[in-house]
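Below you'll find the structure, written out as structure tokens, and then a few comments.
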Amino acid sequence: MIESFVSRMLLVAIRVGGLMTFAPFFSNASIAPLVKAGFTLFVTFLLLPVYATGPSPSSPGTWLAMACSEAALGLLMGLTTQFVIEGMILAGQVISFQFGFSLENIIDPNTSVEITVLATLHELVALLIFLEICAHRWLLRAVAVSFRIIPPGGLHAAHLLPGEVLRAATSLWLIGTEIAFPVIVVTMLTDFAVGFLTKASPQFPALFFGISVKALLGLAVLAAAVAFWPRILGHFFFHALEQLENLLSLAR
């Protein structure tokens with residue numbers, strides 16, 4: 001009886017821990033690992049009395065397979081919303097190249113790789129919007145709902161998860177394109193205008209004038225577009241959670 005209880009508790013903790021490892025905000029490197037572990041145990045003990053039901057493992061090999069499936073579900077729940085943040089980072093990278101800021105890189109503390117300053121700005125604004133619209137609460141609620149759809153160890157279609165995750169990753173490109181589109185259009189039109197002026201007047205200092213005007217116009221459009229980001233990202237976060245629910249229904 002005790003072994004069955006402990007095995008179920010560990011399965012619940014693995015799924016919750018997967019969310020804490022990959023989801024936005026919860027996976028942030030600024031949160032100490034001990035804090036993440038403590039919060040994982042706290043959420044586990046809250047969910048355990050209600051949702052710790054499902055098939056009991058008959059052998060260590062069966063339990064290991066269940067644990068891997070729970071880790072895959074935690075990964076799935078974290079990545080579906082993390083793709084929105086990654087889409088914002090992609091938009092910031094593209095805009096930085098358009099502005100000529102691609103050499104101004106800093107180290108991202110979450111991934112320990114170099115990203116541009118504008119990509120960092122996009123990531124931080126997206127994270128603030130994530131917290132403002134209480135999407136972190138949506139994720140915690142999604143964890144509870146996931147146990148209702150798929151009990152601990154009850155995943156029967158694990159082979160479908162990699163393909164579905166790749167399909168969910170397509171939203172990354174859609175988000176990056178939609179966020180970066182206004183700035184890309186303005187900078188491209190500026191390049192065309194400066195190119196025509198250069199052809200009309202070869203003495204025109206296009207190298208210095210064009211870069212400055214493109215950066216100023218792009219930053220102005222970017223500042224105006226920020227006002228629409230909460231509504232756009234709110235839609236994408238909500239869509240990611242809907243997509244997560246569909247994936248869970250497909251995998252049960």
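Side-chain atoms are counted along with the backbone in the values below, which use heavy atoms only and exclude waters and symmetry mates. The first residue in the sequence is number 1, and the count goes up from there. Just so we're clear, the structure is a prediction, and the values are computed from it rather than from any experiment.
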[X] side, atom [atom1]; [Y] side, atom [atom2] - distance, nearest 0.5 Å:
{"X": "Q82", "Y": "L75", "atom1": "CD", "atom2": "CG", "value": "11.0 Å"}
{"X": "F45", "Y": "M9", "atom1": "CZ", "atom2": "CE", "value": "5.0 Å"}
{"X": "M20", "Y": "M77", "atom1": "CE", "atom2": "CE", "value": "9.5 Å"}
{"X": "L73", "Y": "C68", "atom1": "CG", "atom2": "SG", "value": "11.5 Å"}
{"X": "I179", "Y": "I95", "atom1": "CD1", "atom2": "CD1", "value": "8.0 Å"}
{"X": "F237", "Y": "L139", "atom1": "CZ", "atom2": "CG", "value": "9.0 Å"}

Would you indicate whether the side-chain heavy atoms of [Y] and [X] approach each other to under 4.5 Å?
{"X": "I175", "Y": "F83", "value": "no"}
{"X": "I150", "Y": "R15", "value": "yes"}
{"X": "L174", "Y": "F236", "value": "yes"}
{"X": "P182", "Y": "V221", "value": "yes"}
{"X": "I85", "Y": "H122", "value": "no"}
{"X": "W229", "Y": "V226", "value": "yes"}

Exactly one of D191, L219, V186 should register a side chain to side chain contact (heavy atoms under 4.5 Å, CB included) with K214. Which one does?
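Between K214 and the candidates, side chain to side chain contact (heavy atoms under 4.5 Å, CB included) is satisfied uniquely by D191.
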For a side chain to side chain contact (heavy atoms under 4.5 Å, CB included) with F99, tell me which candidate from V183, L216, T116 qualifies.
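Answer after filtering V183, L216, T116: V183.
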Shared hydrophobic cluster, [X] / [Y] (ILVMFWY, side-chain heavy atoms < 4.5 Å):
{"X": "L124", "Y": "V94", "result": "no"}
{"X": "L128", "Y": "L233", "result": "no"}
{"X": "L34", "Y": "F42", "result": "no"}

Scan for salt bridge (Lys or Arg N to Asp or Glu O under 4.0 Å) pairs involving residues 21-45, sequence neighbours excluded, and state none if there are none.
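For residues 21-45: none.
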Determine, step by step, whether L222 and L118 satisfy the side-chain contact (heavy atoms from CB on, under 4.5 Å) criterion, reporting the C-alpha distance in whole Å, the side-chain angles of both residues, the deciding distance to 0.1 Å, and the verdict.
CA-CA 10 Å; L222 179 61; L118 286 179; 4.2 Å; yes
Under the side-chain contact (heavy atoms from CB on, under 4.5 Å) criterion, do M88 and L127 qualify, and how do the steps go?
CA-CA 10 Å; M88 289 292 291; L127 187 58; over 6 Å; no
Taking every non-hydrogen atom, the tightest pair across G78 and P24
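Where G78 meets P24 most closely, the heavy atoms are O-CD, 3.9 Å.
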On a heavy-atom basis, which atom in L47 and which in A144 lie closest, and how many Å separate them?
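Answer, listing the atom of L47 first, then A144: CD2-CB, 3.9 Å.
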Determine, stepwise, if the pair F130 / F25 fulfils ring-ring contact (aromatic ring centres under 6.0 Å, His included).
CA-CA 8 Å; F130 177 84; F25 176 68; 7.1 Å; no
Any side-chain donor paired with an acceptor under 3.5 Å for T80 and Q243?
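No.
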Do the ring planes of F26 and F39 sit parallel (below 30°), tilted (30 to 60°) or perpendicular (above 60°)?
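F26 vs F39 ring planes: parallel.
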